[in-house]
Student: 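Encoded as structure tokens, here's the structure I'll be asking about.
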Amino acid sequence: MEKPKVLITKKDVPQIAIRKLRELCDVDIYEGSYPMPRDQLLARVAGKDGLFCFITDRINTKVLDAAGRSLRVISTMSVGYDHLSLEEMKSRDIKVGYTPDVLTDATAELTLALLLATWRRLLQANAAATGQRCCYRPTLLLQANAELNNGGWGRCVWGPVWMLGKGLSGSTVGIFGLGRTGQAVLKRLAGFNVAKFLYTSTTKKELGGSYPVAEFVSFERLLQESDFVICTAALNEQTRAKFNKDAFAAMKNSAVFINTSRGGLVDQEALVWAIQTGQIRAAGLDVMTPEPLPADHILTTLPNCTLLPHLGTSEERTRAAMAELAADNLLGGLIVGKQMPKRLC
Ligand SMILES: O=CC(=O)O
């Protein structure tokens, strides 16, 4: 019997997934640079039964039309699915899989790392110590450690009021979106002596005893009272551009804003305004609009803005687990007798 035909839109997928798919499918892997160019995607998806994709692939009506009626299953190696035209997929009876749960810990860890780096100005301090100019082009930051001995530290003025950060101890932390990632962040922050946790979410959560107490509040209260606003909500029509000029204007001037969910939750011009005018104190972003952010984007020039290149799930075991789950989802939808472990629709 003919094997189902599958397209994988990137080559660097953990081998476990490729092995599993190759056993039962005829696999076409795009070997070029990221992201797969649109014309290539449209040409190579034609006639495929399954598509293994990523957040960098926008799978809309055009791609579905190009694929044709053979396309039965789409599996994204991500928990977010704002890059997929889900309603269109439902209307065409295409099954869709995603990879929740296996990446929650890694994303929560990264959120904390970004929070720590932003509030205690670690990257700015590293740039100062290494003699780099104090802005946050991600590529410069990645090089910064390697250049620790270039004498930069000797040229800075270490002193009692130099490079002062902002502590979590005694603070109010507000979490926007208390889903899987938000809850994992909350749990991890339990040890930081935070005075009060607030959260805004679609519904009030019943959290078990292993979580610190967190109060369900309106978005307005979250903005007004939080010293740290952490954004971990999914991107949808209710949350798109939720952090606009009014939202930043409602925050404390000393507030630190962290976003590890999706850039689309933020009106980025309003964020730049808020940082440039001192309306808020600092921002730590793992997600932006667009991605990749152009190297000359104004955000990369703001010293109190810590930027990471969308690394939430970039942890070895997590990426292997995501790849395997995405492969299992694809196989579950394509092979008779198998089930999709995590199905969106
Ligand atoms: O952003 C990462 C994901 O959605 O998995």
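These numbers come from a predicted model, not from an experiment. Count residues from 1 along the sequence.
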Student: Mind checking whether Ile55 and Leu7 sit in one hydrophobic cluster, side chains of I, L, V, M, F, W, Y counted as touching below 4.5 Å?
Tutor: no
Student: So, do Gln279 and Asn253 sit near enough that their side-chain heavy atoms are less than 4.5 Å apart?
Tutor: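 Answer yes - side chains close enough.
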Student: May I ask you to say whether Asp227 pairs ionically with Arg281, meaning some side-chain N is under 4.0 Å from a carboxylate O?
Tutor: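 Here Asp227 does not pair with Arg281 in a salt bridge, since their nearest N and O are not under 4.0 Å apart.
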Student: Give a yes or no on whether the backbone of Met322 and the side-chain of Thr99 come within a donor-acceptor separation of less than 3.5 Å.
Tutor: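 Answer holds: no.
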Student: Please report the interatomic distance CG(Leu344) to CG(Leu86), rounded to the nearest 0.5 Å.
Tutor: 5.5 Å
Student: Within the 3.5 Å criterion, strictly below it, is a donor on Lys166 or Ser171 matched to an acceptor on the partner's side chain?
Tutor: no
Student: Taking 4.0 angstrom as the limit, do Arg240 and Asp82 come out as a salt bridge?
Tutor: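 Looking at Arg240 and Asp82, the cut-off is not met.
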Student: Could you tell me whether the side chain of Thr232 and the main chain of Gly177 form a donor-acceptor pair under 3.5 Å?
Tutor: yes
Student: Looking at Arg38, I want to see if its CZ is surrounded by more than 12 non-hydrogen atoms of other residues, nucleotides or ligands under 6.0 Å.
Tutor: yes
Student: Any donor-acceptor pair under 3.5 Å linking the side chain of Tyr199 with the backbone of Lys205?
Tutor: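 Here the side-chain-to-backbone pair exists.
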Student: Which one of Asn60, Thr76, Asp57 satisfies the side-chain hydrogen bond (donor to acceptor under 3.5 Å, both in side chains) criterion with His83?
Tutor: Thr76
Student: Side chains of Arg319 and Ser314: do they bring a donor and an acceptor to under 3.5 Å?
Tutor: no
Student: Are the side chain of Thr9 and the backbone N or O of Cys53 linked by a donor-acceptor pair below 3.5 Å?
Tutor: no
Student: Should Asp328 and Lys342 count as an ion pair when the cut-off is N to O under 4.0 Å?
Tutor: no
Student: For Asp286, what residues pass the side chain to side chain donor-acceptor pair (under 3.5 Å) criterion, not counting sequence neighbours?
Tutor: none
Student: Kindly indicate whether a cation-pi arrangement holds for Lys204 with Phe216, taking the cut-offs as under 6.0 Å to the six-membered ring centre and within 45° of the axis.
Tutor: no
Student: Got a second to check how far Leu110's CG is from Leu114's CG, nearest 0.5 Å?
Tutor: 6.5 Å
Student: With distance as the sole test, does Gln183 use its side chain to make a donor-acceptor pair with the main-chain N or O of Leu178 at under 3.5 Å?
Tutor: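 Pair found, side chain donor or acceptor close to backbone of Leu178.
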Student: Find out whether Ser226 and Leu198 are in side-chain contact, i.e. whether some heavy atom of one side chain is under 4.5 Å from a heavy atom of the other.
Tutor: yes
Student: Does the side chain of Ile280 come within less than 4.5 Å of Ile275's, by heavy atoms?
Tutor: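 A side-chain contact exists here, since the closest heavy-atom pair is under 4.5 Å.
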Student: Would a 4.5 Å heavy-atom cut-off, applied to side chains only, mark Val73 and Asn329 as touching?
Tutor: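 The answer is no, as the side chains (C-beta and beyond) never meet within the 4.5 Å cut-off.
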Student: More than 12 heavy atoms of other residues, nucleotides or ligands under 6.0 Å from NZ of Lys338: yes or no?
Tutor: no
Student: Counting neighbours of CD on Glu31 that are heavy atoms of other residues, nucleotides or ligands and sit closer than 6.0 Å, is the number greater than 12?
Tutor: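 Yes, CD of Glu31 has more than 12 neighbouring heavy atoms, counting only those of other groups under 6.0 Å.
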Student: Set out, in order, the CA-CA distance, both residues' side-chain angles and the distance that settles side chain to side chain donor-acceptor pair (under 3.5 Å) for Thr111 and Thr260, then state yes or no.
Tutor: CA-CA 6 Å; Thr111 305; Thr260 52; 3.0 Å; yes
Student: Spell out, as yes or no, whether a donor-acceptor pair under 3.5 Å connects the side chain of Asp101 to the backbone of Thr104.
Tutor: no
Student: If two hydrophobic side chains count as joined below 4.5 Å and joins carry through other members, does Phe257 share a cluster with Val287?
Tutor: no
Student: State whether Glu23 and Arg19 are salt-bridged, where the test is any N-O pair (Lys NZ or Arg NE/NH1/NH2 against Asp/Glu carboxylate O) under 4.0 Å.
Tutor: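 No, Glu23 and Arg19 are not salt-bridged.
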Student: Please confirm whether the ring centroid of Phe228 lies under 6.0 Å from the ring centroid of Trp119.
Tutor: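 Under 6.0 Å, so yes.
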Student: Return yes if some donor-acceptor pair links the side-chain N/O of Ser70 with the main-chain N/O of Lys48 below 3.5 Å, else return no.
Tutor: yes
Student: Could you measure the distance from the CG atom of Leu112 to the CD1 atom of Ile258? Nearest 0.5 Å is fine.
Tutor: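 Going from the CG atom of Leu112 to the CD1 atom of Ile258 covers 9.5 Å.
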Student: Side chains of Thr239 and Asn236 only: does a donor on one sit below 3.5 Å from an acceptor on the other?
Tutor: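 Thr239 vs Asn236: donor-acceptor pair found between side chains.
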Student: Heavy atoms, side chains only, cut-off 4.5 Å: are Ile74 and Leu64 in contact?
Tutor: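 Side chain of Ile74 against side chain of Leu64, heavy atoms only: contact under 4.5 Å found.
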Student: Around atom CD of Gln276, are there more than 12 heavy atoms from other residues, nucleotides or ligands closer than 6.0 Å?
Tutor: yes
Student: Quick one: is the NZ or CZ of Lys242 closer than 6.0 Å to the six-membered ring centre of Phe176, and within 45° of its axis?
Tutor: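 No, Lys242 does not sit over the ring of Phe176.
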Student: Can you tell me if Phe197 has over 12 outside heavy atoms packed within less than 6.0 Å of its CZ?
Tutor: yes
Student: Counting only heavy atoms from other residues, nucleotides and ligands, does the tally under 6.0 Å from CD of Gln339 exceed 12?
Tutor: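 Atom CD in Gln339 is not crowded, with 12 or fewer foreign heavy atoms closer than 6.0 Å.
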Student: Got a donor-acceptor contact below 3.5 angstrom from the Ser75 side chain to the Ala326 backbone?
Tutor: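 Present.
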Student: Taking only residues two or more places apart in sequence or in another chain, which ones pass salt bridge (charged side-chain N to carboxylate O under 4.0 Å, His left out) with Glu206?
Tutor: none
Student: Name the one of Arg317, Arg180, Lys187, Arg188 that satisfies side-chain hydrogen bond (donor to acceptor under 3.5 Å, both in side chains) with Asp105?
Tutor: Arg188
Student: Is any NZ, NE, NH1 or NH2 atom of the basic residue among Lys5 and Asp28 found under 4.0 Å from an Asp or Glu carboxylate oxygen of the other?
Tutor: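 No salt bridge links Lys5 with Asp28.
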Student: Do the non-hydrogen side-chain atoms of Ile29 and Phe52 ever get within less than 4.5 Å of each other?
Tutor: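 Side-chain contact under 4.5 Å: no.
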Student: Would you confirm whether the ring centroid of Phe243 sits within less than 6.0 angstrom of the ring centroid of Phe219?
Tutor: yes
Student: Are Glu324 and Met77 side-chain neighbours, meaning at least one heavy-atom pair lies under 4.5 Å?
Tutor: no
Student: Do the non-hydrogen side-chain atoms of Leu41 and Ile59 ever get within less than 4.5 Å of each other?
Tutor: yes
